[in-house]
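Down below is the structure, laid out as structure tokens.
Model, not experiment: these values are computed from the prediction. Order of the sequence lines fixes the chain letters, A, B, ..., with proteins taken first and strands second; residue numbering starts at 1 for each chain.
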Amino acid sequence: MHFITGGAFNGKRAWVKNRYKVQSDDQWLSAYVNNPLPLIIMEIDQDVFILEGAELWLRALTENYDADKCREIWNECLENWLTWEKERQNRQLIVIGTDITKGIVPMEAENRLWRDVTGWAYQDIAAKSEKVDVIWYGVHQTIK
Amino acid sequence: MAHISSLIFITGGVRSGKSSFAERKAIEIAGETGGRLNYLATGVATDAEMKARIEKHQRDRESGKYRWNTIERSVQMGEVTDNFTAQDIILLDCVTTLLNNELFLSETVWDGAFLEKVKENIITGITAIKNQAGTVIVVSNEVLNEPLLGNELVFTYGRLLGQIHQYLVKEADQAFLVEAGIPIVMKGVGR
């Protein structure tokens, strides 16, 4: 698993497309076009697959569950995704999550919860990923 | 004679020391090349306090050990290129103010064509100055690491700023992210 993070509009998608020579939309599942968080991706018949918009999936979780439960569900997903990756040789899962954690503390409780859960969830995914890159205006920095 | 011009892009958070670093960088280059120091001021004095603040900055730059030539320009940066030669070092501080000016000074409706034009104005303006001058140092802010959802204005502003930053980094010979006063090399300088 390769986790990609960085601020909004920093060129994360373009970097991933270029780095992994992504050819087809079938290799891509995005929260930005309202796809729900995929708990299981076993039916995906691809070698390289990209999940985009983790922060939106986490936001949806926080709308229904408390922080602990959100993190539990998130980690279940991570395990399922890793199982998919291991099922075939040369499989690579890429997860893109926008960094939303460095602004002023939000006024609204729901936005504070979203931000907290996103920070924890990114720690979890980084720990379980073999590689982590931060994208800064198109320039990548491999931090793991 | 053709000359080699260079673009240096510097960002950082609020009070990260990015402007001081940019000034040091400009002075260092002036020391090496014997070039003239220019400060391209983008701020618009909207009230007395702001006016006093701008005047203080101006006096500081004019009375210091290193003499800066100040040029005030709030929009359409490309229009000032005639002031510069290949000997000039130009410090533009900062892109976010420039974007604010281009977006808000004209009271135009924010449709797709207007937003595209704003982006083009900024990009072509900076490029034109770079082509005319020796070195251009552009300073901007890190504001894209927080939620931009829920407010269309903020989202649009963030998208434009991100696109402009991506363009500047792509074109830059050197790019730095300043964290707590410490410049981190993101591009160039042996990275």
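Of the two parts of B/L149, only the side chain, counted from C-beta on, holds a non-hydrogen atom closer than 4.5 Å to a non-hydrogen atom of chain A. For chain A, the nearby part of B/F9 is the side chain; its heavy atoms alone come within less than 4.5 Å.
In this structure, A/V132 is not a member of the same hydrophobic cluster as A/W15, with clusters built from ILVMFWY side-chain heavy atoms closer than 4.5 Å. Side-chain heavy atoms closer than 4.5 Å link hydrophobic residues (I, L, V, M, F, W, Y) into clusters, and following such links, even through other members, never connects A/Y32 to B/F155.
Atom CD of A/E108 is surrounded by more than 12 heavy atoms from other residues, nucleotides or ligands within 6.0 Å. By the neighbour-count criterion of 12 heavy atoms within 6.0 Å, atom NZ of A/K144 is densely surrounded, having more than that number from other residues, nucleotides or ligands. For A/R88, the CZ atom counts as densely surrounded, since its 6.0 Å shell holds more than 12 non-hydrogen atoms of other residues, nucleotides or ligands. At most 12 non-hydrogen atoms from other residues, nucleotides or ligands lie less than 6.0 angstrom from CG of A/D25. More than 12 heavy atoms of other residues, nucleotides or ligands shown are found within 6.0 angstrom of NZ on A/K131.
Using modelled atom types, no side-chain atom of B/Q163 and backbone atom of A/F9 make a donor-acceptor pair closer than 3.5 Å.
Contact count versus chain B (heavy atoms, under 4.5 Å) is highest, among A/N10, A/T101, A/I100, for A/I100. Per-residue heavy-atom pair counts under 4.5 Å with chain A were compared for B/L160, B/L161, B/N145, and the maximum is reached by B/N145. Here B/G158 is the residue among B/A175, B/G158, B/G13 with the most heavy-atom pairs under 4.5 Å with chain A.
Atom CG of residue A/D99 and atom CG of residue B/L144 lie 10.5 Å apart, to the nearest 0.5 angstrom.
Between B/E146 and A/I104 the shortest heavy-atom distance is OE1-N, 4.0 Å. The nearest pair of heavy atoms linking A/W136 to B/E142 is NE1-OE2, 2.8 Å.
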